[in-house]
Amino acid sequence: MNTKIKILSIETSCDETGVSVVEYDTVTQTYEVLADTLNSQIEMHKEFGGVFPTVAKREHGNNLLGLLNVCLKKIETGDELDIEEKNIHMELLNREKELTEHVQNFPIQKIPNIDYIAVTRGPGLEPALWVGVSFAKFLSVLWQKPLVPVNHMEGHISSVLMGAGTLSFPNLALLISGGHTELVDIHAWGKYHIVGKTRDDAVGEAYDKVARILGLSYPGGPLIAAKAQKVRDTMAEWDIQANKEKHNIKLPRPMLHSKDMDLSFSGLKTAVLYMVRDLGTVSEEVIDLICHEFENSVAEVLVSKLEFANKAGDRAYKNLIVAGGVISNDFLKARIDAWCQKNEIRFLKPEKSLATDNAVMIALAAIVGITNNYAKIILPESEEFSELKPDGDWSVNTI
Ligand code: KG4
Ligand code: ZN
């Protein structure tokens, strides 16, 4: 009996194109990344100050086949592929001009030795998601492999599994990315309850918008983080406070005392906008101090919401899972880590390479869904197959 599950996964929800192959050993319950590729379009979107959907779609179409080929070279292939078959299924790529052109010269002649194809179904930018979904459908019929559609946020949650072993429950997840800020109560795999979320901007979005106000480029998160860190590295705490007072740099802590788990970041961004307007010309030092104050506000708000979530329910959380691009931030990570230690909750975060969008986390979420019997497994040419399209719903049981 084969005790291993091998998944080829595709991620195209935003501005990263990813293809990977992950193998799960059901006996040892361990994951192995057999191949992993990622192409970031960040440089292309910089001039727009954010992700431009039509450019994202075009670039996913240009990148996917090349990334797939890199992955296929790293894994075993099996039977020869009938080239005529390829032409029959090209219509599945009809909406994808770039991908169709690349696939016309499809050099793959063998069927890879995989069990499933997992693909991000949403949430994300719809034109970008369509590229991955169309390609996954095409490969699914071509190779006669079942498809597993995956929710992107479940992917972020599953990103912590690499190296974490099996998890006990209940767990709390804090998802902080460019498009999402959510607190999720997880009482078993596949049982998700969103207990709090942002009422307006996501944390990553706030970082990116504040960066734009301060004249920094996209994506703003790492740039603001570096400036805030510079302040911590070069000034003593009393010095930082004195300098902030001198320049009147004080930002709100939105919804800190709201007595619920909801968050809001658009007011914080607007406060930065007014502050910059009132200050007139801002020096490098003042920009650094604003970044420091902004990051302190984000950290305080996030930690206070964790505190509230932990006290609110009747659950004794075993693990706190924090995932999404913003957890690349070392300062936020340290603050959350300290909170976890104080509350004796295990802090699970993804490895650095799995923090921002990637295909490995999509494979991990598919494996969790398959092994816990809640994944939607779609056979090629079934009715569900022809109806499959981008969709932001969670797999099951989201309240
Ligand atoms: O999860 P992700 O790669 O894409 C989405 O699904 O949104 O997250 C991207 C977001 C961006 O807003 C980016 O500015 C933010 O993560 N980010 C950071 C850091 N690195 C990336 N935010 C704060 N500090 C960082 N070091
Ligand atoms: Zn993401």
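Counting starts at 1 for both ligands and their atoms, in listed order.
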Say whether [X], considering both its backbone and side-chain N or O atoms, lies within less than 3.5 Å of an N or O atom on ligand 1.
| X | value |
| --- | --- |
| Asn329 | yes |
| Gly325 | yes |
| Gly204 | yes |
| Glu16 | no |

- request: With Lys349 as the cation and Phe347 as the aromatic partner, state whether NZ or CZ is under 6.0 Å from the six-membered ring centre and within 45° of the axis.
  value: yes
- request: State whether Tyr218 and Arg212 meet the cation-pi test: NZ (Lys) or CZ (Arg) under 6.0 Å from the six-membered ring centroid, and within 45° of the perpendicular axis.
  value: no
Protein heavy atom at shortest distance from [atom]:
| atom | value |
| --- | --- |
| atom 18 (C) of ligand 1 | Gly221 CA, 3.6 Å |
| atom 7 (O) of ligand 1 | Gly178 N, 2.7 Å |
| atom 15 (C) of ligand 1 | Val326 CG2, 3.9 Å |

statement: Note: His180, heavy atoms under 4.0 Å from ligand 1, region reported as neither
task: Please work out whether any backbone atom (N, CA, C, O) or any side-chain heavy atom from C-beta onward of Asp208 is under 4.0 Å from ligand 1, and answer side chain, backbone, both or neither.
output: side chain
query: Judged by non-hydrogen atoms, does Gly179 sit under 4.0 Å from ligand 1?
result: yes
task: Return yes when at least one N/O/S atom of His180 is nearer than 2.8 Å to the Zn ion (ligand 2), and no when none is.
output: no
field: His152 backbone or side-chain N/O/S under 2.8 Å from the Zn ion (ligand 2)
entry: yes
- prompt: Closest to the Zn ion (ligand 2), which N/O/S atom of Asp357 is it?
  reply: OD1
message: The test is side chain to side chain contact (heavy atoms under 4.5 Å, CB included); show your working for Leu268 and Val298 and say whether it passes.
response: CA-CA 9 Å; Leu268 182 57; Val298 171; 4.1 Å; yes
message: Students often mix this up, so state it plainly: with edges at 30° and 60°, are the rings of His156 and His152 parallel, tilted or perpendicular?
response: perpendicular
field: Side-chain heavy atoms of Val141 within contact of Phe385, under 4.5 Å
entry: yes
Which atoms from ligand 1 have a heavy atom of [X] less than 4.0 Å away?
| X | value |
| --- | --- |
| Thr356 | 3 (O) |
| His152 | 6 (O) |
| Pro219 | 14 (O) |

field: Nearest-option assignment for atom 5 (C) of ligand 1, heavy atoms, candidates Ile176, Ile224, Asp357, Asn358
entry: Asp357
Does a salt bridge link [X] with [Y], judged by any charged N lying under 4.0 Å from a carboxylate O?
| X | Y | answer |
| --- | --- | --- |
| Glu293 | Arg253 | yes |
| Lys227 | Glu295 | no |
| Glu182 | Lys197 | no |
| Glu96 | Lys57 | yes |

field: Spacing of OG1 belonging to Thr26 relative to NZ belonging to Lys4, to within rounding of 0.5 Å
entry: 9.5 Å
